[in-house]
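Just below is one structure, and these are the notes that go with it.
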Amino acid sequence: MCAAARDSEDQPDDSLTGPLAESELIGHAQAERALLDAWAGGRLHHAWLIAGPEGIGKATLAGRFTRFLLAHGIAGKKSQSAVEAGPSLFGDPEPTPASDAPATSLYVAPGDPVFQRVKSRGHGDLFTVTRGYDDKRKRERKVIVIDDVRHVRDFTGLTAAEDGYRVVLIDGAEDMNRNAENALLKVLEEPPKRTIFLLVSHAPGRLLPTTRSRCRLLALRALDDDNVSALLTKHRPDLAPDEKSALIRLADGSIGRALRLAEEGGVALYREMVALLGKLPDLDISAAHAFSSKLAPPTAVGYELFGELLGDWIARMVRAGAGGRAVEVLPGEVALMDRLAGGRSLDQWVEVWEKIAHLFARAAAVNLDRKQVVLSVLLTLQSAARA
Amino acid sequence: MKLTIERAALLRALGHVQSVVERRNTIPILSNVLLEAQSGKLKLTATDMDLAITEAVDAQVATAGATTAAAHTLYDIVRKLPDGAQVELAQKGENAPLTIRAGRSVFTLQCLPPADFPVMTKDKLPHEFTVTAEELKGLIDHTRFAISTEETRYYLNGIYLHATKEAGGVLRAVATDGHRLARFQVPLPKGAAEMPGIIIPRKTVAELRKLLDESEGNVELSLSDTKIRFAFGDAAMTSKLIDGTFPDYERVIPSGNDKILEVPCKAFASAVDRVSTISTEKSRAVKLAVGKGSLTLSATSLDNGSAVEELEVSFDAEPLEIGFNSRYLLDITERIAGESVQFTMADGASPTLVRDVDDAAALYVLMPMRV
């Protein structure tokens with residue numbers, strides 16, 4: 001069996017699979033420094049809320065910190081063998097093992113046994129919580145339920161397996177439903193000794209204020225374009241330069257989003273969408289039909305992407321109209337935006353944006369016909385552009 | 001890795017270790033058993049990350065090595081092989097599949113690297129002592145029924161094992177769920193005097209008891225304040241402990257009770273069982289009315305009616321009435337091997353001491369119910 005097949009099939013498959021296998025982190029040096037200082041200072045807060053936009057490396061940072069804690073243990077505590085050996089006969093300075101040297105980053109080499117065990121979730125002192133699998137409905141749950149969180153209490157109720165910290169890593173903390181969050185709160189409020197909770201969330205506002213107040217907030221900012229570019233080169237070396245630069249601008253500082261767009265053919269769809277919009281106020285009806293039929297099948301990935309890209313596009317247009325920085329993903333876009341925004345007042349465009357967002361949400365809730373939704377969105381835009 | 005091993009030996013060892021592997025696992029490596037071949041031995045390890053069981057068996061090792069393979073699948077394969085077969089386990093290179101060959105059957109199993117496998121402990125366990133399997137069985141059997149299942153007081157979800165100087169030095173096991181308490185003791189083994197008090201989790205107790213069924217002779221215990229290890233010859237079990245403080249249980253053992261009731265154990269147990277049939281509530285309460293030389297057991301239920309049974313007992317104090325949960329009474333009488341059971345009471349509302357008249361090592365405390 002080749003290594004690649006093993007990675008995809010035999011690792012637990014959830015939102016942490018990628019981040020726990022990633023050894024490098026780009027662009028969050030400041031946050032990493034804050035964690036490292038807290039650890040070295042010997043007064044590590046027991047709960048951290050790692051917040052920031054989606055797809056910028058929050059879980060990757062959490063994974064790095066997890067490995068670091070499990071590999072280095074408690075700051076200042078010497079390894080057992082060093083203590084047992086006692087001082088040297090000849091009065092030499094004691095050789096410091098690698099793990100006792102002052103740490104300068106949270107890096108743990110991929111070859112390290114701790115890295116391996118964390119990646120396979122086979123580390124006795126790591127407990128991860130993500131959305132579970134619903135056996136009855138045969139699909140992934142939409143929320144983290146109380147049973148997922150109750151096991152945290154079983155875990156923290158037992159002693160550490162390898163002596164040192166125990167780490168509870170919750171990815172998608174905002175996915176916890178109220179009961180689950182209350183169950184977690186109980187543990188957060190009376191934290192067991194030497195246990196670190198890492199809550200990863202892109203919507204910390206959805207957490208209870210009581211949960212937030214128990215955690216030290218570590219806010220990560222979106223990546224800058226250079227970092228996104230570097231990461232794209234690393235993960236998708238196959239991309240053409242013009243597609244890559246379009247992706248960087250569409251991604252808005254989120255490598256996760258850039259990779260997803262690359263995966264789902266986001267740039268091509270965006271081109272088609274802008275071509276359609278370019279004809280406004282006179283929509284090319286046959287092109288609109290062809291476009292909407294393409295997105296209609298339930299297997300087509302483009303439908304949700306279209307909703308997202310269009311929403312962003314209108315938002316950017318409004319922002320540009322209000323005097324903000326105009327970002328041009330494709331050439332000629334700014335002129336198009338100016339033309340459309342000039343036809344109507346900006347608050348009317350905001351209304352259109354709301355209306356479209358509402359339509360997509362309703363369509364998802366009651367399973368409306370996708371083709372009709374796309375068509376009606378395009379027609380809404382046409383009538384807005386005409387007025 | 002390449003080795004040959006007799007089917008029966010492999011099956012026995014796999015049977016022991018695979019019982020900790022849960023059938024459904026979200027973490028793939030936990031479904032696997034770690035196989036390590038070295039100098040004439042095959043070492044098998046399985047874990048659920050809270051406890052790990054290791055067993056070493058003799059094997060003809062041609063090439064040393066280590067890998068992990070699905071525990072239940074491997075067990076099923078070996079189980080279905082014909083009796084007396086010689087099984088060959090072979091793996092070519094680190095990530096290659098594991099080949100199992102016996103007679104004309106050949107199986108290949110996908111493997112995960114041994115580096116992914118959880119490690120139970122790195123450092124030494126400083127306190128070491130030896131008890132006999134019989135003593136350890138006694139410590140478990142007399143106390144485990146009282147282990148709490150309540151999640152909020154998680155420190156009660158296990159057996160508290162500690163050494164004390166009382167009674168000339170004993171090793172004590174205590175379990176309680178807040179309504180009843182069970183205590184059992186054995187003479188203090190050499191080397192145990194300095195051990196910290198530890199709480200052994202319920203699951204570990206259950207697995208340990210299973211292993212004890214198949215072993216005789218001595219069990220070597222080694223422990224620290226975070227881990228315990230039980231070694232039986234070639235097999236060993238290492239477990240995490242409950243991270244908490246066991247309550248000061250001595251405080252709830254009454255010392256001033258003076259009303260002593262002695263009843264024949266078997267007759268009492270079957271009478272309690274019969275009478276409790278009538279009570280419908282979940283608690284299944286039974287009332288004990290004790291007078292000079294006689295005990296009346298009774299239960300009433302608004303829906304069903306009532307039941308009364310009388311027993312001849314030895315009792316010399318003021319008459320008194322007291323109620324108990326019949327399930328709790330039966331749990332205790334089941335553990336009493338002697339002819340008669342002794343209740344030491346104060347009044348109808350205070351904790352009652354229950355003892356085996358023939359065995360001073362066991363002691364139970366039971367909280368009465370209002371009936």
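Given the structure is predicted, the values throughout are model-derived calculations rather than measurements. Numbered from 1 within each chain, the chains take letters A, B, ... in sequence-line order.
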For A/D125, give me all partners under side-chain hydrogen bond (donor to acceptor under 3.5 Å, both in side chains), at least two apart in sequence or on another chain. none

Answer with side chain, backbone, both or neither: which region of B/T152 has an atom nearer than 4.5 Å to a non-hydrogen atom of chain A? both

In terms of heavy-atom pairs under 4.5 Å, which option from B/A115, B/G244, B/P201 contacts chain A the most? B/A115

Contacts with chain A made by residues 204-211 of chain B (heavy-atom distance under 4.5 Å), listed by residue number: none

Checking A/H123 side chain against A/Q116 main chain: does a donor-acceptor pair fall under 3.5 Å? no

Just by modelled atom types, is the B/M120 backbone N or O under 3.5 Å from a matching donor or acceptor in the B/K240 side chain? no

Between A/F65 and A/F68, how do the two ring planes meet: parallel, tilted or perpendicular, split at 30° and 60°? parallel

Could you tell me which portion of B/Y154 (side chain, backbone, both or neither) has an atom closer than 4.5 angstrom to a non-hydrogen atom of chain A? side chain

Do any of residues 179-189 of chain A have a heavy atom less than 4.5 Å from a heavy atom of chain B, and if so, which, in residue order? none

How about B/E194 and B/H127: does a side-chain donor come under 3.5 Å of a side-chain acceptor? no

Does any backbone or side-chain atom of B/N157 lie under 4.5 Å from a heavy atom of chain A? Answer side chain, backbone, both or neither. neither

Where does B/L30 contact chain A at under 4.5 Å (heavy atoms): side chain, backbone, both or neither? neither

Does anything in residues 144-156 of chain A reach chain B? List residues with heavy atoms under 4.5 Å apart, or say none. A/R150, A/R153, A/F155, A/T156

Chain A contacts, top residue of B/L241, B/D225, B/T47 (heavy-atom pairs, under 4.5 Å): B/L241

More than 12 heavy atoms of other residues, nucleotides or ligands under 6.0 Å from NZ of B/K41: is that the case? yes

